[in-house]
Structure formats: structure tokens, C-alpha cells
J.: 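Below you will find the structure I want to go over with you.
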Amino acid sequence: MVGDVSIVEVGPRDGLQNEAVAVPVEVRLELVQRLVAAGLLRIELGSFVSPRRVPQMAASAEVVRGAPRVQGTRYSVLVPNEQGMREAAALPVDEIAIFASASETFSQRNINCSIAESIERFRPVVEIASAQGIAVRGYVSCVLGCPYEGAVPLTAVVDVSRRLAELGCYEISLGDTIGIGTPRSARDMFRAVAGELAPQTLALHFHDTFGQALANILACIEEGAATVDSAIAGLGGCPYAPGASGNVATEDLVYMLEGLGVKTGVDLAAAAAAGAYISGHLGRATSSRAGQAMLASATDAKR
Ligand code: HMG
Ligand code: MG
């Protein structure tokens, strides 16, 4: 029996941070507008990281300022340190996300510090956010494997998740950064973390490199996971995870959940249209299978 599931749309951040060419602010805003219209209310809008490291996320402040404020929207941004937090705190964000890793090498490559140092860096970030009433989410990357180290022990995943929760993260998003997991490894990982932290405080953030993301999500929601990250049109990747492909596509996730009788509040046709919009801008077809099917049936209906 699967309970309610809420979707966190990460397309404007994870989705666009890995594109070869930065997407202009107007297009990022039009995408957000379309996502909100489709009923996706929890959206990660961008990140406040080094623009030299991730130039695609420059101008995230303009995206936050321009995003439509309608009832129920909850906007988040990724923040790596105090500098990013001070920038985010001056803007109307509802939530920030700090991001750690279960793999030392990925931590070094991604954020230029060890796991232990990252936790110390996040301390003042959480303090500033809490003082301003901004909720804090925590990501753990490499929960099912690392692009540099290979296998990652479950003890490391549980340990980093616990440390982020202790810092004050109300939700921990478990990232299969390189999309390498399969349902059994995903379930085992979820059970291990849920043995320590309440399952309803955990989110799934699965990239779809090997086409397993939906199966892995199903395995974990059967274990009590109630929040899933996804990216419209299956966009996404991390510049520091070579070979990794996009996130699970929002359209595919919605199709599966609705098929299971789980209400998502998302209009699949509108989501598919948002996916087609951004894919058109990027000059390629959507990676979402449900998105492709929706577009094909809309085209057939017009004939
Ligand atoms: P650092 O330790 O200071 O060192 O930054 P650095 O050499 O990496 O960067 C230094 C430069 O960044 C300096 O500028 C700083 O001023 C600047 P420069 O002298 O080179 O001109 N800087 C900043 N600029 C703007 N905003 C800031 C900021 N902080 C420093 N907040 C840092 C550490 C983490 C900032 C840096 O390494 C960085 O930006 N890394 C990029 C991290 C990133 O965005 N990765 C992708 C997102 S994570 C992800 O995708 C995984 C996830 O989706 C979950 C999953 O799938 O597993 C979340
Ligand atoms: Mg990611």
C-alpha cells in the first residue's frame, strides 16, 4: 500500500546546471511559470554556488525574484556555504538546500572540502536560515555509488544523513547521483537510513542513467518514502559526476504514481507541455517517455 507522495521539481536547478549552454533567465522563468501552472508547487529554482564552477546557475537570484508567487508555491535554492546563504537570505526563498556527500572523493570534487569540513561549513548556514524562518533541506550524494570511488558503504550514507538531520535539516534527500542503483540496492539503502531517521523525513533523488530510477522509486515508496525529486523532461546531471544522466522525468513519475492511485496534484498534460517547452529551447526531444507519448497522442488527435 502506497500513501501520498509529494514531488519536488528540481528541473530549473539540477536540470539546467549541467547543460552545455546556460539557459537565459527569461526561459528559466517561463519554465517555472509552466511548472507552477502544471501543479508542481515545490520547485528548486537555482543555486548560489561559484559561477566559475557552475556558470549555468549564475543569475539564480533573478529567477527567485521573478518566480510567480501563487498559493502553495514553495521555492528552494541550493546553498553551499555562508556566502551563498547570505545571498539567498536577502531573497524570497521558502527553503534552502545544503548538499553533502557519502563519498569523500565526490565531496572534494564537488564542493572542495571533506565530508567533515562540509558539515562544519553548513553550521552557520543553518543558523542564518533558522534565524530567518527559512526551512533547510539536506542532500546526500552518492548514496548508491560514487563516480570516483565506486561502492559506497551504507554506514557512510546513514552517518551523513544523521549528521545533516542533527544540524537541523527537516528533510534529507538521498541522491543516486550517478543513477547506478537497482531496486534491491535502493531498497536496502532506504531501509538502512529509515532505520535511523523517520521515513517521512526522507526524499528520493534518483538519476536515471541506467533506466532504473522509476523501479528504484517504487521499491522505496513501498518502504514508506513519501517525497520524490524529479526533473521535467528528465533533464539533469551534475558537472562533477561524469557520465551521469538526468533525473527521473517528472512526467514519467506522475504517470506511474497516478497509475498507482496516488494523487500528485500535477496535470500530466501541462507537465508534458512544460517539458516540451524546455526541450524545444534546448533543441532536442524530451527524454521523458510519458512526455513523448503525451505529445504523440496530442499530435494524433489534431490529425
Ligand atoms: P571554495 O571552497 O571557496 O573553492 O568553494 P573553489 O575553488 O571551489 O571556489 C572558489 C571560488 O568560488 C571563489 O571565487 C569564491 O569567491 C567563490 P574565484 O576566486 O574563483 O573567483 N565562491 C562563491 N561564489 C558565489 N557564491 C558562493 C561562493 N562560495 C565561494 N556561495 C564551493 C566551494 C562549494 C562554493 C565551490 O566549490 C562550488 O561552487 N562548487 C560547485 C558545487 C555545485 O554546484 N555542484 C553541483 C550541485 S550538487 C548536485 O548536483 C548533486 C545533487 O543534485 C544531489 C545528487 O544528485 O546527488 C544536489
Ligand atoms: Mg542531482
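Count residues from 1 along the sequence. Whatever order the structure lists ligands and atoms in, that order sets their numbers, starting from 1. Nothing here was measured: the structure is a model prediction, and the numbers come from that model.
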J.: At their closest point, which heavy atom of A156 faces which heavy atom of A102, and how far apart are they?
T.: CB-O, 3.6 Å
J.: Check for me whether R109 meets the cation-pi criterion with Y148, that is, NZ or CZ under 6.0 Å from the six-membered ring centre and within 45 degrees of the ring axis.
T.: yes
J.: Which of these, M85, R52, E44, has its nearest heavy atom closest to atom 19 (O) of ligand 1?
T.: R52
J.: One residue to check: M57. Relative to ligand 1, which of side chain, backbone, both or neither has a non-hydrogen atom less than 4.0 Å away?
T.: neither
J.: Considering all protein heavy atoms, does one lie under 4.0 Å from atom 48 (S) of ligand 1?
T.: yes
J.: Return yes if some donor-acceptor pair links the side-chain N/O of D176 with the main-chain N/O of I180 below 3.5 Å, else return no.
T.: yes
J.: Identify the closest protein heavy atom to atom 13 (C) of ligand 1: which residue and atom is it, and at what distance?
T.: S50 OG, 5.0 Å
J.: Consider every N or O of R121 and every N or O of ligand 1, then say whether any pair is closer than 3.5 Å.
T.: yes
J.: For ligand 1, indicate whether the residue E87 contacts it via side chain, backbone, both or neither (heavy-atom separation under 4.0 Å).
T.: neither
J.: Which protein heavy atom lies closest to atom 15 (C) of ligand 1, and at what distance to 0.1 Å?
T.: Q83 OE1, 4.6 Å
J.: Which of parallel (below 30°), tilted (30 to 60°) and perpendicular (above 60°) describes F99 and F122?
T.: tilted
J.: Would you find a donor on one side and an acceptor on the other, under 3.5 Å apart, between the side chain of D94 and the backbone of Y75?
T.: yes
J.: Considering N247, N112, V125 one by one, which has a heavy atom nearer to atom 6 (P) of ligand 1 than any of the others?
T.: N112
J.: Does the protein put a heavy atom under 4.0 Å from atom 10 (C) of ligand 1?
T.: no
J.: Is there a nitrogen or oxygen of G84 sitting under 3.5 Å from a nitrogen or oxygen of ligand 1?
T.: yes
J.: Of the protein's non-hydrogen atoms, which lies at the shortest distance from atom 52 (C) of ligand 1, and what is that distance?
T.: R13 NH2, 3.8 Å
J.: Which ligand 1 atoms are under 4.0 Å away from a heavy-atom of H207?
T.: 56 (O)
J.: Taking the Mg ion (ligand 2) as the center, what protein N, O or S atoms are found at less than 2.8 Å?
T.: D14 OD2, H205 NE2, H207 NE2
J.: Could you find the nearest protein heavy atom to atom 32 (C) of ligand 1 and give me its residue, atom name and distance?
T.: I111 O, 4.3 Å
J.: Checking the N or O distance criterion of under 3.5 Å, is ligand 1 in contact with F48?
T.: yes
J.: Which residues satisfy the side-chain contact (heavy atoms from CB on, under 4.5 Å) test with R184, sequence neighbours excluded?
T.: D188
J.: My understanding is that we take every heavy atom of each candidate and find the minimum distance to atom 40 (N) of ligand 1. Doing that for N18, N110, D229, V10, which one comes out nearest?
T.: N110
J.: Could you find the nearest protein heavy atom to atom 34 (C) of ligand 1 and give me its residue, atom name and distance?
T.: P80 CB, 3.6 Å
J.: Are any of the N or O atoms of S141 closer than 3.5 Å to those of ligand 1?
T.: yes
J.: Side chain or backbone, does D176 bring an N or O within less than 3.5 Å of an N or O on ligand 1?
T.: no
J.: Regarding ligand 1, does Y139 bring an N or O atom to under 3.5 Å of one of the ligand's N or O atoms?
T.: no
J.: Using a distance threshold of 4.0 Å (strictly less than), state whether atom 23 (C) of ligand 1 has a protein heavy-atom neighbour.
T.: yes
J.: Can a protein heavy atom be found under 4.0 Å away from atom 58 (C) of ligand 1?
T.: yes
J.: Does P51 come within less than 4.0 angstrom of ligand 1, counting non-hydrogen atoms of the residue?
T.: yes
J.: If the test is side-chain hydrogen bond (donor to acceptor under 3.5 Å, both in side chains), which one of T250, D252, D208 qualifies with S288?
T.: D252
